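Note sheet for the following structure.
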Amino acid sequence: MSQIQSSEPAPLDKLRHSCAHVMAQAVQELFSGTKITIGPAIENGFYYDFDSPHRFSVDDLAKIEKRMLEIVKGNHEFKRFELTKEESRTYWAQRQEPYKVEILEGLEGPVVSHYTHDTFTDLCRGGHSENTRDIRHFKLLSVAGAYWRGDEKNSMLQRIYGTAWFSKAELDAYLTQLEEAKKRDHRKLGQELDLFSIQDEAGPGLIFWHPKGGLVRKIMEDWLRAELLRRGYHLVFTPHVMQLKLWETSGHTGFYAENMFSPIEIEKTKYQLKPMNCPGHILIYKSALRSYRELPLRLAELGTVYRYEKSGVVHGLLRVRGFTQDDAHIFCRPDQIESEAAACIDFAKAALKKFGFEKFKVELSTWDPLTPKNYAGAAQDWARAEGALVNTLNRLGIPFVRMVGEAAFYGPKIDVKLVDAIGRAWQLTTVQFDFNLPQRFGLEYVGADGQRQQPLMVHRALWGSIERFFGILIEHYAGAFPFWLAPVQMKILTINSELASYAQEAAHSLKERGLRVEVNDGADTLGAKIRNATLQKVPVLAVVGKREKEALSLALRLRGGQDLGAIKNSEIPAKLQELLGSDWN
RNA sequence: GCUGGGAUAGCUCAGUGGUAGAGCACUUCCAUGGUAAGGAAGGGGUCGUGAGUUCAAUCCUCACUCCCAGCUCCA
């Protein structure tokens with residue numbers, strides 16, 4: 001059932017929602033005492049939430065599917081009928097479906113619609129297939145917990161997820177896609193390619209960057225630092241622990257406490273591990289009397305922060321407890337706010353595009369005027385800040401979704417989200433407007449008229465965090481990093497042991513010319529060496545045999561299979577540059 | 001944090017109330033091979049941690065830690 005959908009759902013959504021009804025029927029038949037709640041169509045499928053004395057396991061799914069197939073083959077029509085709310089309440093109360101009774105409370109209008117097929121009826125706004133025979137190609141996927149009405153204060157229901165399609169081909173394609181997504185899971189690839197690890201002995205959500213992952217990170221950071229300097233930022237470094245009272249001034253102990261590690265006490269003074277970089281940059285701003293001529297002052301830091309995340313939410317590189325933000329704080333005059341916000345968005349586009357991302361979703365997160373106590377600052381400041389961000393987005397012609405109540409405690413923000421290989425959306429870029437911290441810290445600059453003024457602040461991170469962005473990159477490229485980003489760009493493989501010294505010499509000379517080259521001169525056969533290097537997704541394989549040695553060359557093969565034949569060592573960089581184009585650097 | 005499922009060699013996993021096994025990886029030896037796994041031998045595990053039941057626990061019970069799926073929350 002779904003009472004919150006718009007009037008006419010898409011045909012595929014109708015099919016999926018109908019499939020959810022059929023599943024609910026099967027579940028209620030097979031597991032007595034099961035109460036139904038809601039079961040909408042979702043992207044790629046559907047779910048239904050049940051309250052049941054039975055604990056559903058993956059093994060139950062096959063049983064439920066079998067019964068569903070029988071129901072579907074019964075060629076039952078989906079029939080709509082209406083009851084007044086009062087009639088409906090009686091109906092559901094008699095059937096002992098308390099969740100349906102509760103849903104009714106929230107519905108408007110004198111009558112509510114119901115849908116029936118075979119023996120099953122649901123309170124439902126509708127949008128259904130005509131007949132159960134339309135539902136042929138479905139599969140139940142998983143069982144999980146879900147809070148009633150999505151509120152963690154409510155009881156936990158059991159949710160069964162499934163997928164349904166018009167044709168078998170579409171269903172199979174979707175299931176194959178799920179398999180493919182699993183293969184490019186960054187946690188799996190991170191281990192297989194020896195990029196990073198998370199160690200039980202060290203703690204959850206804390207990342208160890210291995211040599212190869214560290215090298216990719218170094219390349220990412222080099223690109224970013226160069227771009228920061230080119231765009232008028234200053235690079236700074238600030239301490240990881242600072243006195244707790246600084247965080248009281250900033251408001252973090254009040255508004256952000258539940259996300260912070262506990263303070264550390266030393267010599268009777270409390271220190272706080274930093275959850276954000278802003279106060280550090282503010283102290284640098286305050287270290288001198290600033291002139292309006294210095295603004296905008298853009299302070300950037302690859303700043304490592306630590307945040308307490310609930311144990312159930314840490315996830316590979318994508319949700320961690322210690323991470324490095326590509327952070328910056330821009331101190332500016334009120335008349336500069338829109339141009340600075342626009343420059344941030346331009347920078348963000350460049351930073352994502354460089355890594356192969358073209359598509360993303362933009363959200364404008366605003367405060368919720370109904371709960372002002374969750375935010376710092378006055379209503380008119382929030383309105384003004386929001387107006388500035390809306391103007392910027394409109395002027396750039398960027399479509400966005402407004403997210404009420406999603407703002408940071410100190411100001412509204414523009415967020416950019418990317419969708420990963422498995423369809424999850426992850427927040428990366430954030431551009432946040434802040435009129436609050438400048439006030440709390442008493443920031444000033446001397447205006448053209450010699451009067452002290454208060455600057456405004458823009459917080460921004462482009463990749464969000466290097467860990468998260470790296471995780472998404474691994475999945476995006478399925479571990480096959482483009483040549484310029486690959487930790488090992490070329491692997492030289494010897495045919496027999498007599499070629500080891502020539503291979504080392506060739507590697508040395510290519511390294512001198514800036515290529516990241518490794519040699520495999522071990523005892524494996526050539527076939528095994530090729531297989532290993534291929535599994536490591538090395539972009540260029542270079543085979544050395546007697547012929548190549550005599551011609552001072554290497555026989556190159558690109559990832560993907562393109563055979564370049566033997567090329568003289570001295571000509572290799574130029575040849576690769578020519579072939580690889582934008583992947584070269 | 002919540003619901004459910006897990007934790008056995010570096011990795012992927014099998015297995016049993018009488019203290020363990022495979023494949024890959026690793027080491028050594030043989031082989032010197034031309035584009036996705038050459039052959040042989042060997043080393044390696046307090047079976048996540050701590051209690052309990054038992055003559056005996058990797059296996060059964062409980063607690064904890066961590067991991068996985070989802071929910072809630074977030075960069």
Side-chain angles (χ1 to χ4, degrees), chain A residues 47 49 55-59 141-161 182 185 187-188 191-192 194 197-205 256 258-259 275-277 303 305 307-327 365 406 408 413 415-418 422 424-430 432 459-469 471-472 493-500 523-536 541-548 555-557 561 563 565-566:
Chain A
Y47 66 79
D49 284 349
R55 291 273 159 242
F56 298 120
S57 71
V58 182
D59 299 332
L141 298 174
S142 59
V143 185
Y147 297 107
W148 166 235
R149 302 213 140 159
D151 187 334
E152 66 180 328
K153 292 189 201 73
N154 288 339
S155 60
M156 181 71 74
L157 305 170
Q158 298 186 76
R159 174 174 297 179
I160 300 180
Y161 283 96
K182 263 188 209 163
D185 187 315
R187 293 166 301 184
K188 183 172 148 69
Q191 181 173 277
E192 288 171 0
D194 198 16
S197 65
I198 298 161
Q199 310 275 344
D200 283 357
E201 288 164 275
Y256 207 70
E258 63 181 27
N259 291 297
M276 292 190 189
N277 299 301
V305 297
R307 298 183 186 175
Y308 166 69
E309 298 288 350
K310 290 178 184 171
S311 58
V313 307
V314 293
H315 177 94
L317 292 173
L318 301 184
R319 189 82 180 268
V320 296
R321 285 184 173 163
F323 58 100
T324 301
Q325 296 181 300
D326 60 321
D327 208 357
S365 297
E406 298 294 313
K413 56 180 182 170
D415 287 333
V416 179
K417 293 189 171 180
L418 275 188
I422 318 174
R424 292 169 300 208
W426 292 98
Q427 187 178 323
L428 300 170
T429 305
T430 183
Q432 312 183 345
H459 307 239
R460 47 108 290 190
L462 307 179
W463 296 333
S465 91
I466 295 186
E467 285 77 5
R468 175 174 290 181
F469 190 66
I472 291 170
L493 313 174
T494 56
I495 282 176
N496 66 46
S497 54
E498 287 165 18
L499 297 155
D524 285 337
T525 57
L526 180 63
K529 289 177 187 175
I530 286 176
R531 177 180 153 81
N532 290 336
T534 304
L535 290 173
Q536 288 295 304
L541 303 188
V543 173
V544 211
K546 197 176 165 199
R547 296 198 294 269
E548 285 77 17
L556 301 191
R557 190 174 102 166
D563 190 347

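Just so it is clear, the structure is predicted and the values come from calculations on it, not from any experiment.
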Gap in Å between the two [atom1] atoms, one belonging to [N] and one to [M], rounded:
{"N": "B:rA14", "M": "B:rG21", "atom1": "C1'", "result": "7 Å"}
{"N": "B:rA20", "M": "B:rU16", "atom1": "P", "result": "15 Å"}
{"N": "B:rG52", "M": "B:rC66", "atom1": "C1'", "result": "22 Å"}
{"N": "B:rU53", "M": "B:rC11", "atom1": "P", "result": "34 Å"}
{"N": "B:rG10", "M": "B:rG5", "atom1": "C1'", "result": "25 Å"}
{"N": "B:rU46", "M": "B:rA57", "atom1": "C1'", "result": "13 Å"}
{"N": "B:rC62", "M": "B:rG4", "atom1": "P", "result": "13 Å"}
{"N": "B:rC47", "M": "B:rA22", "atom1": "C1'", "result": "16 Å"}

Per [X] side chain, nearest of listed nucleotides [options]:
{"X": "A:Glu152", "options": "B:rU3, B:rG38, B:rG1", "answer": "B:rG1"}
{"X": "A:Lys310", "options": "B:rG1, B:rG34, B:rA75", "answer": "B:rG1"}
{"X": "A:Ala146", "options": "B:rA37, B:rC71, B:rC11", "answer": "B:rC71"}
{"X": "A:Arg557", "options": "B:rC74, B:rU35, B:rA69", "answer": "B:rU35"}
{"X": "A:Leu535", "options": "B:rA36, B:rU35, B:rG1", "answer": "B:rA36"}
{"X": "A:Tyr161", "options": "B:rG34, B:rU3, B:rC71", "answer": "B:rC71"}
{"X": "A:His315", "options": "B:rA69, B:rU35, B:rC74", "answer": "B:rA69"}
{"X": "A:Thr525", "options": "B:rG34, B:rU3, B:rG38", "answer": "B:rG38"}
{"X": "A:Tyr147", "options": "B:rG34, B:rA75, B:rG1", "answer": "B:rG1"}
{"X": "A:Val313", "options": "B:rA36, B:rG70, B:rU72", "answer": "B:rU72"}

- Map A:Gly312 and A:Gly150 onto RNA chain B by nearest heavy atom, then report which one ends up closer to the 5' terminus. A:Gly312
Got a donor-acceptor pair under 3.5 Å from the side chain of [X] to the base of [N]?
{"X": "A:Tyr308", "N": "B:rG1", "answer": "no"}
{"X": "A:Arg319", "N": "B:rC73", "answer": "yes"}
{"X": "A:Glu309", "N": "B:rG1", "answer": "no"}

Between [X] ([atom1]) and [N] ([atom2]), how many Å, whole number?
{"X": "A:Asn532", "N": "B:rA36", "atom1": "CG", "atom2": "C1'", "result": "9 Å"}
{"X": "A:Asp59", "N": "B:rG5", "atom1": "CG", "atom2": "P", "result": "11 Å"}
{"X": "A:Met156", "N": "B:rG5", "atom1": "CE", "atom2": "P", "result": "13 Å"}
{"X": "A:Leu526", "N": "B:rU32", "atom1": "CG", "atom2": "P", "result": "16 Å"}
{"X": "A:Asp49", "N": "B:rU3", "atom1": "CG", "atom2": "C1'", "result": "12 Å"}
{"X": "A:Asp200", "N": "B:rG48", "atom1": "CG", "atom2": "P", "result": "12 Å"}
{"X": "A:Arg460", "N": "B:rA75", "atom1": "CZ", "atom2": "P", "result": "15 Å"}
{"X": "A:Lys188", "N": "B:rA69", "atom1": "NZ", "atom2": "P", "result": "13 Å"}

Is there a side-chain contact between [X] and the phosphate of [N], meaning an N or O under 4.0 Å from OP1 or OP2?
{"X": "A:Lys529", "N": "B:rA37", "result": "no"}
{"X": "A:Arg55", "N": "B:rG4", "result": "yes"}
{"X": "A:Gln158", "N": "B:rG70", "result": "no"}
{"X": "A:Arg187", "N": "B:rC67", "result": "no"}

- Message: One pair to check against salt bridge (charged side-chain N to carboxylate O under 4.0 Å, His left out): A:Asp185 and A:Arg187. What are the steps and the verdict?
- Response: CA-CA 5 Å; A:Asp185 187 315; A:Arg187 293 166 301 184; 2.5 Å; yes
- Query: Sub-3.5 Å donor-acceptor pair from the side chain of A:Arg307 to the main-chain atoms of A:Pro275, do we have one?
  - Reply: yes
- Message: Quick test of the criterion, 5.5 Å between centres and less than 30° between planes. Is A:Phe56 stacked on B:rG4 or not?
- Response: no
- Please identify each residue that fulfils salt bridge (charged side-chain N to carboxylate O under 4.0 Å, His left out) with A:Asp524, with sequence neighbours left out. none
- Item | Consecutive Watson-Crick or G-U pairs in runs of at least 3, all under 3.5 Å, in which RNA chain B is involved | B:1-7 with B:65-71, B:10-13 with B:21-24, B:26-30 with B:38-42, B:48-52 with B:60-64
- A:Asp49 and A:Arg159 ion-paired at < 4.0 Å: yes
- Task: For A:Ala461, report the nucleic acid contact type (base, sugar-phosphate, nothing); a contact means any heavy atom under 4.0 Å.
- Result: nothing
